[in-house]
Amino acid sequence: MPELSRRRALTAAAALATVAGVQTVTARTATTASATPAASTASTAGHDHHAPTPSPFDEVYKGRRIQGGPATGGGHEHHGAGYAVLVDGVELHVMRNADGSWISVVSHYDPVPTPRAAARAAVDELQGAALLPFPTG
């Protein structure tokens, strides 16, 4: 009988760990899905690309003029759900996430509930610096 090499032992251990991990994840997913069938329906409802458009706004925040309203073409409408946000007249590229939260190119990793909050977060992050136009080409 051939001796068990270190390579074969590690390969077997990795295969067993992978199988055990897959079974655990599958069992958890099946338990969660069967325990809360409404949750799976609710998660697909969050992907409504025809959600209501947020209210327009026009205000001065920390000395910067921020505006938002329905997009009038020419921008990246498919990401922002047809909504445009401007900081001092320069478009702030915003995107609506599947869960309904909003992000911008300035505060990409900090989702907020509304485009107004995204504009305010961008002003905070810019700390007085000018917003540069988003490249479109």
Side-chain angles (χ1 to χ4, degrees):
M1 178 176 217
E3 218 175 287
L4 184 63
S5 69
R6 187 178 347 175
R7 176 179 283 173
R8 286 186 182 228
L10 289 174
T11 302
L16 288 173
T18 301
V19 169
V22 168
Q23 287 177 348
T24 302
V25 170
T26 304
R28 283 185 189 163
T29 304
T31 303
T32 304
S34 64
T36 57
S40 62
T41 305
S43 68
T44 57
H47 295 284
D48 182 14
H49 293 288
H50 301 292
T53 302
S55 300
F57 63 91
D58 187 351
E59 67 181 50
V60 176
Y61 176 74
K62 295 188 177 181
R64 310 287 292 266
R65 184 174 183 193
I66 58 173
Q67 301 168 289
T72 57
H76 293 85
E77 294 178 24
H78 61 282
H79 293 299
Y83 200 84
V85 175
L86 304 173
V87 176
D88 294 333
V90 178
E91 183 181 7
L92 172 67
H93 184 69
V94 295
M95 296 181 294
R96 178 179 270 172
N97 292 324
D99 65 357
S101 64
W102 292 78
I103 57 174
S104 75
V105 293
V106 176
S107 58
H108 197 79
Y109 297 106
D110 188 21
V112 293
T114 64
R116 180 188 307 242
R120 289 178 175 174
V123 168
D124 292 340
E125 190 70 29
L126 287 169
Q127 299 178 4
L131 176 65
L132 298 176
F134 190 77
T136 58

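- Looking at V106, I66, L86 one by one, the single match for side chain to side chain contact (heavy atoms under 4.5 Å, CB included) with L92 turns out to be V106.
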If you apply the rule side-chain contact (heavy atoms from CB on, under 4.5 Å), what do you find for V105 with M95, and how did you get there?
CA-CA 9 Å; V105 293; M95 296 181 294; 5.9 Å; no
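- By the 4.5 Å heavy-atom criterion applied to side chains, Y61 and V87 are not counted as neighbours.
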Please list, one pair per line, the donor and acceptor atoms closer than 3.5 Å that link side chains of residues 4-14 to other protein atoms, with sequence neighbours excluded.
from	atom 1	to	atom 2	distance (Å)
S5	OG	R8	N	3.2
T11	OG1	R7	O	2.8

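- Minimum interatomic distance between Y83 and P54 (heavy atoms only, all atoms of both residues): CE1-O, 3.3 Å.
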Show your reasoning for whether side-chain contact (heavy atoms from CB on, under 4.5 Å) applies to R120 and K62.
CA-CA 9 Å; R120 289 178 175 174; K62 295 188 177 181; over 6 Å; no
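- Remark: side-chain polar atoms of D99 are paired, donor with acceptor, to backbone N or O of S101 under 3.5 angstrom.
- Taken to the nearest 0.5 Å, the CD atom of Q67 stands 9.0 Å off from the CG atom of D88.
- At least one side-chain heavy atom of N97 sits under 4.5 Å from a side-chain heavy atom of I103.
- Residues V94 and S104 share a closest heavy-atom pair of CG1-CB, 4.1 Å.
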Got a list of side-chain donor-acceptor pairs under 3.5 Å for residues 109-119, not counting sequence neighbours?
from	atom 1	to	atom 2	distance (Å)
T114	OG1	A117	N	3.1
R116	NH1	E59	OE1	2.5

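- For S55, the side-chain contact (heavy atoms from CB on, under 4.5 Å) criterion is met by no residue, not counting sequence neighbours.
- Of all the heavy atoms in L126 and R64, the pair that sits closest is CD1-NH2, 4.1 Å.
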